[in-house]
Every structure is written in C-alpha cells, then in structure tokens.
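Below is the structure I would like to discuss, written out as structure tokens.
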Amino acid sequence: MSTKIEWTDESWNPISGCSPCSPGCVNCYAEMMSRRLKGRFGYHYQNPFQITLHKEKLKEPLRLKKPRKIFPCSMGDLFHPDVPESWIDALFQVTTLARQHTYQILTKRPERMQKYLSIIVSKYQIEVPANLWFGVTAENQQMADQRIPVLIDTPVANRFISIEPMLEAVDISCYIKNIDWVIVGGETGVKARDMEPRWAIEIKDLCRGNHVPFFFKQMTKKAPTPEELLIKEFPKAML
C-alpha cells in the first residue's frame with residue numbers, strides 16, 4: 001500500500017483500471033503503470049488498464065492499526081461505470097470496519113458518486129462519515145465547472161478539489177466557500193504539458209483569503225518550485 005503521493009500515506013487498490021474521459025487523462029500515470037504490470041499482480045496482459053477487481057487487496061486497511069490517510073483507487077476510478085455497485089458497497093464496508101483511517105476518494109465521474117451517495121443517505125437515513133473525504137479532478141476550467149457543482153451537491157461532510165495536472169488557469173472563486181481542501185500540481189513525465197506558476201499562485205491566494213488549506217504538489221516535470229508555492233497544508237481533520 002506504500003505510495004509516493006505526497007498528500008496521502010497509503011494507496012489502496014482493490015479496483016484498478018479506467019478509460020479516458022477528459023483532457024487530464026492524456027498522460028495518465030496509472031495507465032502507464034498498469035502497462036508495466038501487465039500479466040502480473042492480477043493485471044490483464046492484453047488490456048492491463050481494463051476495470052479489474054483485486055479481491056486480495058480489499059481488506060488491506062483492516063491490517064493497518066495506526067490511523068492513516070488512505071487514497072482508494074489511485075490506479076483507477078471508483079465511480080467508473082464498469083465498476084460493479086456491489087464492489088463499491090464492499091469498499092465502503094471496509095471503510096466502516098476500519099474507521100480509524102481517513103479515506104481520500106478522488107473521481108473524475110462525480111455524477112455517479114453523487115447518485116450513489118444520495119441513495120445511501122436517503123435509504124438508510126444516515127450521514128456519510130466525516131472520515132470520508134470526496135474530491136474531483138478539475139484540470140481545466142471546463143472540468144471545474146462541470147464537476148465541482150456536482151461535488152458540492154453531494155451529501156458529504158468533506159470535499160476537496162485536485163487541480164492536477166493543472167492545464168490552464170482555473171477560476172474556482174465561486175465554489176471555494178463549499179470546499180475544504182485544494183491540491184494543485186503540474187503534470188509529470190516526458191510528455192508533460194506546461195503549467196504557469198501564476199496559475200497556481202492565484203489558487204493559493206484564493207485559498208488563503210478563504211481559510212482553505214492549500215497543498216502544492218509539484219511544478220511541471222518536477223521543475224524547481226517557486227518559494228511562494230512551497231506550501232503543503234492539510235485540513236486539521238486529517239492530521
């Protein structure tokens with residue numbers, strides 16, 4: 001479960017695989033990694049990035065006794081249409097059994113997330129636990145305006161935005177009062193698209209003005225980070 005992702009402690013992948021759905025998917029690190037793993041560790045040889053259920057990994061959080069920040073499905077998207085609802089149920093059952101952890105659930109498909117959680121809340125007359133954080137990727141303005149309103153309309157306690165890879169200036173000022181955490185980062189890899197430092201600085205200033213924790217991950221291709229972006233803040237509830 002170990003990971004190099006700075007804003008989490010552990011990755012958890014009982015589900016892997018996805019399919020492109022927006023500009024941020026062009027240089028997907030998870031797809032590249034799945035190709036390296038093809039034919040091994042449960043990844044299909046011919047199509048390693050197809051939706052795959054890894055039953056042997058489902059109960060991993062139960063083995064971690066010390067509270068951790070856990071990123072489910074870093075190698076896919078929990079709310080991809082090909083992920084069986086029964087498997088989404090199973091994942092959330094594990095989070096219920098391992099309540100000591102904080103789960104950071106990130107998706108590019110908030111419509112299914114919103115529908116799924118709304119049904120659960122209505123059917124069982126419960127609130128989504130506060131140790132579950134739900135976020136959307138907002139790599140450009142179009143995706144921000146498409147996904148963030150759906151996230152805000154989702155009945156959860158904690159919401160975050162990942163503007164990574166940041167492909168252009170993104171204005172989230174009309175949403176920020178309903179957001180609890182913002183992550184920003186440039187693209188990495190050989191074919192990485194450029195990110196202007198001022199784009200990230202504008203988001204940082206907006207977060208500071210609204211008392212929202214701001215986490216800057218890296219510049220494009222991990223170029224040196226400007227001093228004013230050397231900020232890696234977490235919400236107090238995650239610490």
Side-chain angles (χ1 to χ4, degrees), residues 3 5-12 24 61 67-74 77-79 88 91-92 95-96 98-118 120-121 126-141 143-166 169-186 199-218 228-239:
T3 180
I5 300 172
E6 295 177 280
W7 47 263
T8 195
D9 297 320
E10 313 281 349
S11 62
W12 173 35
R68 307 290 282 167
K69 295 186 293 291
I70 298 178
F71 177 19
C73 302
S74 66
D77 192 327
L78 176 61
F79 294 101
I88 300 175
L91 183 145
F92 281 115
T95 69
T96 299
R99 296 174 183 267
Q100 70 271 30
H101 305 308
T102 297
Y103 299 90
Q104 303 153 307
I105 301 163
L106 182 64
T107 185
K108 289 183 173 70
R109 297 170 173 86
E111 293 82 7
R112 188 181 185 195
M113 176 180 73
Q114 195 274 341
K115 181 179 180 180
Y116 175 86
L117 293 172
S118 294
I120 294 295
V121 169
I126 59 173
E127 294 183 354
V128 177
N131 66 321
L132 301 181
W133 285 69
F134 293 86
V136 295
T137 301
E139 68 266 33
N140 60 20
Q141 193 65 52
M143 293 301 104
D145 292 337
Q146 177 178 312
R147 294 171 179 157
I148 298 175
V150 183
L151 172 66
I152 292 173
D153 193 44
T154 301
V156 296
N158 300 302
R159 303 175 179 88
F160 70 99
I161 300 171
S162 174
I163 308 177
E164 185 189 9
M166 193 177 202
V170 179
D171 181 4
I172 59 170
S173 56
C174 61
Y175 309 119
I176 195 68
K177 293 187 182 300
N178 294 292
I179 300 302
D180 303 291
W181 189 33
V182 178
I183 302 166
V184 174
W199 300 345
I201 291 169
E202 289 173 357
I203 298 294
K204 182 262 294 183
D205 290 344
L206 177 68
C207 288
R208 284 292 169 86
N210 288 274
H211 308 289
V212 175
F214 172 84
F215 189 106
F216 186 75
K217 194 174 174 190
Q218 79 273 314
E228 57 193 312
L229 287 174
L230 292 172
I231 302 170
K232 298 184 185 297
E233 297 173 338
F234 288 94
K236 290 182 180 179
M238 282 190 186
L239 301 175

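Predicted, not measured: the structure shown is a model, and the values here were computed from it.
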Checklist entry - Nearest heavy-atom pair of Tyr103 and Pro61: which atoms, and what distance? => result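 Answer, listing the atom of Tyr103 first, then Pro61: OH-CB, 3.7 Å.
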
Next on the checklist: Are Phe234 and Trp7 an aromatic pair, judged by ring center distance below 6.0 Å?
Outcome noted: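 Trp7 vs Phe234: aromatic centres not under 6.0 Å.
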
Checklist entry - Is a side-chain donor or acceptor of Thr107 paired with a backbone partner of Arg109 at a separation under 3.5 angstrom? => result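 Yes; judged by distance alone, with no hydrogens or angles, the pair exists.
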
Item to check | Where Ile231 and Glu228 come nearest, the two heavy atoms and their spacing | outcome: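 Taking every non-hydrogen atom into account, CD1-O, 3.6 Å.
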
Checklist entry - If you look at every heavy atom in Ile105 and Pro72, which pair is closest and at what distance? => result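 Closest approach of Ile105 to Pro72, heavy atoms only: CG1-CG, 3.9 Å.
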
Checklist entry - Does the side chain of Val184 reach to within under 4.5 Å of the side chain of Trp199, using non-hydrogen atoms? => result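 They are not in side-chain contact.
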
Checklist entry - So, are Arg208 and Glu233 salt-bridged, with charged N and O less than 4.0 Å apart? => result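 Here Arg208 pairs with Glu233 in a salt bridge, since their nearest N and O are under 4.0 Å apart.
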
Checklist entry - Between NZ of Lys217 and CD1 of Ile163, what distance do you get to the nearest 0.5 Å? => result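 Between atom NZ of Lys217 and atom CD1 of Ile163 there are 13.5 Å.
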
Item to check | Close side-chain approach of Trp12 to Thr95, heavy-atom, < 4.5 Å | outcome: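 Yes - at least one pair of side-chain heavy atoms lies under 4.5 Å apart.
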
Next on the checklist: Restricting to non-hydrogen atoms, name the atom on Arg159 and the atom on Asn178 that form the minimum distance, rounded to 0.1 Å.
Outcome noted: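 For Arg159 and Asn178, the tightest heavy-atom pair comes out as CD-O, 3.7 Å.
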
Item to check | Spacing of Glu10 atom CD and Lys69 atom NZ [to the nearest 0.5 Å] | outcome: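 Answer rounded to 0.5 Å: 10.0 Å.
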
Next on the checklist: Quick check: do Phe79 and Ile88 have side-chain heavy atoms less than 4.5 Å from each other?
Outcome noted: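 Sidechains of Ile88 and Phe79: in contact.
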
Next on the checklist: side chain to side chain contact (heavy atoms under 4.5 Å, CB included), that's the test. Do Met238 and Gln104 meet it? Break it down for me.
Outcome noted: CA-CA 10 Å; Met238 282 190 186; Gln104 303 153 307; 3.6 Å; yes

Next on the checklist: Does any part of the side chain of Pro67, heavy atoms only, come nearer than 4.5 Å to the side chain of Thr102, both counted from C-beta?
Outcome noted: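 Result no, sub-4.5 Å side-chain heavy-atom pair not found.
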
Checklist entry - For the atom pair CD1 (Ile161) and CD1 (Ile203), what is the distance rounded to the nearest 0.5 Å? => result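 Taking CD1 in Ile161 and CD1 in Ile203, the distance rounds to 8.0 Å.
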
Next on the checklist: Can you list everything that forms a salt bridge (charged side-chain N to carboxylate O under 4.0 Å, His left out) with Arg99? Sequence neighbours excluded, please.
Outcome noted: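 Counting only residues at least two positions away or on another chain, Arg99 forms no salt bridge (charged side-chain N to carboxylate O under 4.0 Å, His left out).
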
Item to check | Residue pair Phe71 / Thr3, side-chain heavy-atom distance below 4.5 Å | outcome: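 No. Closest side-chain heavy atoms not under 4.5 Å.
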
Item to check | N/O donor-acceptor pair under 3.5 Å between Gln141 side chain and Asp171 backbone | outcome: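 Yes: the side chain of Gln141 pairs with the backbone of Asp171.
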
Checklist entry - Do the non-hydrogen side-chain atoms of Ile176 and Val212 ever get within less than 4.5 Å of each other? => result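 Heavy-atom side-chain distance check passes, below 4.5 Å.
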
Next on the checklist: Side chains of Ile148 and Ile172, heavy atoms from C-beta outward: is any pair under 4.5 Å?
Outcome noted: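 SC-SC contact between Ile148 and Ile172 confirmed.
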
Next on the checklist: Determine whether a donor-acceptor pair (N or O, by modelled atom type, separation under 3.5 Å) exists between the side chain of Asn158 and the backbone of Asp180.
Outcome noted: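 Looks like no, no N/O pair under 3.5 Å.
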
Item to check | Donor-acceptor under 3.5 Å (Asn210 side chain, Lys177 main chain) | outcome: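 No, the answer is negative, given that no donor and acceptor are paired below the 3.5 Å cut-off.
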
Next on the checklist: Do Phe92 and Leu78 make a side-chain contact, defined as non-hydrogen atoms from C-beta onward lying under 4.5 Å apart?
Outcome noted: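 Heavy-atom side-chain distance check passes, below 4.5 Å.
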
Item to check | Straight-line distance of Thr154 OG1 to Glu111 CD, nearest 0.5 Å | outcome: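 Those atoms lie 9.0 Å apart.
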
Checklist entry - Can you tell me how far CG of Asn131 sits from OG1 of Thr96, rounded to the nearest 0.5 angstrom? => result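 The CG atom of Asn131 is 8.0 Å from OG1 of Thr96, to the nearest 0.5 Å.
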
Next on the checklist: I'd like to know if the side chain of Gln114 and the backbone of Leu151 have a donor-acceptor N/O pair within less than 3.5 Å.
Outcome noted: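 Checked: no pair found.
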
Next on the checklist: Can you list everything that forms a salt bridge (charged side-chain N to carboxylate O under 4.0 Å, His left out) with Glu6? Sequence neighbours excluded, please.
Outcome noted: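 Checked Glu6 against salt bridge (charged side-chain N to carboxylate O under 4.0 Å, His left out); matches are Lys232.
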
Next on the checklist: Could you report the tightest heavy-atom contact between Pro155 and Val128, atom names first, then the distance?
Outcome noted: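 For Pro155 versus Val128, the nearest heavy atoms are O-CG2, 3.3 Å.
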
Item to check | Heavy-atom pair of closest approach, residues Lys108 and Asp77 | outcome: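 Shortest heavy-atom contact: N-OD2, 3.0 Å.
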
Item to check | Interatomic distance, Arg147 atom CZ to Tyr175 atom OH [nearest 0.5 angstrom] | outcome: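 Answer for the CZ-OH pair, Arg147 versus Tyr175, is 12.5 Å.
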
Next on the checklist: Please confirm whether the ring centroid of Phe160 lies under 6.0 Å from the ring centroid of Phe215.
Outcome noted: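 No, they do not, as the ring centres are separated by 6.0 Å or more.
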
Checklist entry - Can you name the residues that form a salt bridge (charged side-chain N to carboxylate O under 4.0 Å, His left out) with Glu202, not counting sequence neighbours? => result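 Partners of Glu202 by the salt bridge (charged side-chain N to carboxylate O under 4.0 Å, His left out) criterion come out as none, since no residue qualifies.
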
